[in-house]
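Here the structure comes first, spelled out in structure tokens, and everything after it is commentary.
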Amino acid sequence: MNSTPTATISIPLPAASPAPSPASSPGGGGTDVAAFRRQMDEVVARIPMHAIRSVLDAVEGTPSPNGERARHLRDALVDHFNRLRPMKARRLFTSLFEPFLVDDPVLYRSAESVPALVQRVDMGGIWSALTRYGFPGLAAEVQSRLDGMAREAMLDAVLASPDAMAMRELMRKEALDFLYAMAGDRKLTDRFLALANDEALHDARLRTQYLGRKAPIDSDLLGFVRALLEHNAVLVPLTERMRRDIDEMRMGDRQGAGDPRPAIPSSAEVDCQSALMVGFVRRVRDLGLPFRDQSQLLAWFAPLYGLNVKRRYDVFLRHVREHVGSGGPAVRESHPLLRALLCHFTAACTTIREVVDGMFGDMDIQDGGVLSAPAPTRALLHEAVERFDRALTALSGTGFLASRSTGPALRAELAAVSRELTGTVMPALAARMQAAMNARHAPVPDHEDIVWLLELVWRWGRTLGNAGYANPELKSLRLYAVETGRLAFLQAMKAEPQERPAHRMAHMLRIRRLMAAMGETVDGWISPVSQGLHRVVYSYLEADGEIAGDEWAVIDAFVASVRSELSRSRNWQSADFVDILRLHEARRRGEA
């Protein structure tokens, strides 16, 4: 699963002296060899990790006039690459599960383990418990042997060698035997799970923010891991094929649509993916008796892979409705597919609540505080809201939102998410939005955060509204924001004589971005009789500098209002209007 860069990076070797003596050349004296190696280590430490393979290929593939120096550089590259991957036995063992592993901070927060989902942090916890209770001696021996093998070769090549494969097979058998034996020992199982969960939680908290509790590693997850170990030889190739086919089909659909990343998959693509899923379900069940028991996870491995790993909620919904439930909720919530979907929904709801509470917990917006949303927080909350939308759509499509058995719990989750929006996000957003719109001379420090949060809130609100949880407070906030934006924009058009036109334009553009985040436009507020805006537009059209696209949008809207005014009436400003129209047409011709 590693991606090797194709670009070749050349690292110049230190130039040799014109006449090196045997004692001063690498290999001629121990002190100079050590100094040269330290120099190589310093050079290699500055190379990005993703580029080390290509540099190593260049060193090994290019004949060097100084083979000793090239050898030291190669050794430094290998040592640096391998030193940052110390847990070699763990990497070898977890490669058994590579096609099934995900790192999904949203699903960390599921109330229970998601059926057929193996998180990387969970596999790390299971490995720690196995090395404590399962095969500590074997794990230590494998680590020692891999350390020795990695002294002269890149770890990737070492882990793919026949010797490593033999060690991995031995660990697989030992782990499988231990897990089967442990199933009959309740006390050992409890100790095993306690250690595995502690390690997984610690690892998960290093990978994401605001994590309260994590979905547990339980006996169901251990049973699935045991099944993957037992049937590894047949499931890995099938899963790799499924992954390739899904990716290739999506790429083909994107190319056919002419859009490199479509926001919504086409119906044809969903149809093809759904047919592909049915085919893989049949191929899984053809593997033998363990895969035909529809009460077990293995029978539903293919659609669960599509949901948990590929996050194809649309294809998953199609499969449940057409090939499982025959057009409706014919399966109970205890079914593995519906259990997985419910876990995704509750995990998205919990993530939204935890991130919002964590992000706004330390902000005192009313006393002049500003929003602070670092990139990881933005990405996590954006992903949680998107998954909330998609999981809710899937639950509604299966009928479980309206079900008497599952509906009350789902609606309680919706109500909690709605309260988080109403009680925590919107008051802070209203205060900061007003400050951003009224910032006449310079943007507020959190302007970009406000724009981002506005866009997220309106999407969040639409999702709740579609589910029947429309927020009256959100509608009030929208009306308040539009009116505040209108007044601020009217003030922004009033350019004072001492102000630079660029400052007025920048203020108008800031308000325009805030309105656009809510799906509103400022064009209706642009007045042809605004003397200040007239001066701003005239100065931009008359100057020789380049006009940006968003600046053209304001200028074009003003010119359109001028045309409309001229078509309606003739007044004392008509000469100025005609002048600016001619100037606009001339500038547009020049731009073309």
- [ ] Take Leu381 and Gln209 through the side chain to side chain contact (heavy atoms under 4.5 Å, CB included) test and state the conclusion after the steps.
- [x] CA-CA 10 Å; Leu381 187 54; Gln209 298 175 301; over 6 Å; no
Do the non-hydrogen side-chain atoms of [X] and [Y] ever get within less than 4.5 Å of each other?
X      : Y      : value
Val121 : Tyr108 : yes
Leu533 : Arg504 : no
Phe345 : Thr350 : no
Ser530 : Lys494 : no
Val425 : Val457 : yes
Leu155 : Arg91  : yes
Phe489 : Ile526 : yes
Asn438 : Gln434 : yes

How long is the span from the [atom1] atom in [X] to the [atom2] atom in [Y], to the nearest 0.5 Å?
X      : Y      : atom1 : atom2 : answer
His534 : Asp576 : NE2   : CG    : 5.0 Å
Ser128 : Leu195 : OG    : CG    : 6.0 Å
Ile450 : His447 : CD1   : NE2   : 7.0 Å
Leu541 : Arg587 : CG    : CZ    : 7.0 Å
Ile352 : Arg109 : CD1   : CZ    : 11.0 Å
Leu307 : Phe316 : CG    : CZ    : 5.0 Å

Is the backbone N or O of [Y] less than 3.5 Å from a side-chain atom of [X], with the two atoms forming a donor-acceptor pair by type?
X      : Y      : answer
Thr377 : Ala373 : no
Arg411 : Leu401 : yes
Ser476 : Pro472 : yes
Ser110 : Ala347 : no
Ser418 : Leu414 : no
Arg440 : Gln491 : yes
Arg535 : Pro501 : no
Ser564 : Ala560 : no
Asp218 : Leu221 : yes
Thr398 : Leu395 : yes

Between [Y] and [X], is the closest basic N to carboxylate O distance under 4.0 Å?
X      : Y      : result
Glu98  : Arg243 : no
Glu269 : Arg312 : yes
Asp550 : Arg513 : no
Arg459 : Glu455 : no
Asp104 : Arg311 : yes
Asp122 : Arg120 : no
Arg462 : Asp389 : no

- [ ] Walk me through it: do Asp314 and Arg390 pass the test salt bridge (charged side-chain N to carboxylate O under 4.0 Å, His left out)?
- [x] CA-CA 8 Å; Asp314 46 2; Arg390 294 161 65 189; 5.9 Å; no
- [ ] Name all residues meeting the ring-ring contact (aromatic ring centres under 6.0 Å, His included) criterion together with Phe97; count only those two or more places apart in sequence or in a different chain, and write none if there are none.
- [x] Phe93
Open item on the list: Is it true that, when you exclude Glu483 itself, more than 12 heavy atoms of the residues, nucleotides or ligands shown sit nearer than 6.0 Å to its CD?
Closed with: yes
- [ ] Please say whether more than 12 non-hydrogen atoms of neighbouring residues, nucleotides or ligands are located less than 6.0 Å from CZ in Arg500.
- [x] no
TODO: Give the intermediate values and the outcome of side chain to side chain contact (heavy atoms under 4.5 Å, CB included) for residues Thr351 and Tyr210.
DONE: CA-CA 9 Å; Thr351 303; Tyr210 312 123; over 6 Å; no
Atom of [X], atom of [Y] and distance for their closest heavy-atom approach:
X      : Y      : result
Tyr538 : Ile580 : N-CD1, 4.1 Å
Pro336 : Pro115 : O-CG, 3.8 Å
Ala488 : His507 : O-CE1, 4.4 Å
Ala435 : Val444 : O-CG1, 3.7 Å
Ser527 : Ser561 : C-OG, 4.2 Å
Phe224 : Leu117 : CE2-N, 4.5 Å

Open item on the list: Run Arg353 and Glu413 through salt bridge (charged side-chain N to carboxylate O under 4.0 Å, His left out) and show every step you take.
Closed with: CA-CA 10 Å; Arg353 293 198 302 269; Glu413 291 281 358; 3.0 Å; yes
Task: Stepwise side chain to side chain contact (heavy atoms under 4.5 Å, CB included) test for Arg486 and Val522 - done: CA-CA 8 Å; Arg486 186 184 69 84; Val522 301; over 6 Å; no
Task: Ring-face cation contact, Trp552 with Arg588, 6.0 Å cut, 45° max - done: yes
Task: Pairs flagged by side-chain hydrogen bond (donor to acceptor under 3.5 Å, both in side chains) wherever residues 193-205 is involved - sequence neighbours left out - done: Asp203-Arg207
- [ ] List the steps and the verdict of side chain to side chain contact (heavy atoms under 4.5 Å, CB included) for Val106 and His344.
- [x] CA-CA 8 Å; Val106 172; His344 279 247; over 6 Å; no
Open item on the list: Under the rule for side chain to side chain donor-acceptor pair (under 3.5 Å), what residues qualify as partners of Glu542, not counting sequence neighbours?
Closed with: none
- [ ] Taking the six-membered ring for Trp and the full ring for Phe, Tyr or His, determine whether the centres of Phe558 and His584 are under 6.0 Å apart.
- [x] no
- [ ] Decide side-chain hydrogen bond (donor to acceptor under 3.5 Å, both in side chains) for Tyr313 and Arg387; before the verdict, give the C-alpha distance in whole Å, the side-chain angles of both, and the deciding distance to 0.1 Å.
- [x] CA-CA 9 Å; Tyr313 290 83; Arg387 301 272 281 281; 3.0 Å; yes
Task: Audit row: Asp220, Ser113, side-chain hydrogen bond (donor to acceptor under 3.5 Å, both in side chains) steps and yes/no - done: CA-CA 8 Å; Asp220 289 342; Ser113 64; 5.2 Å; no
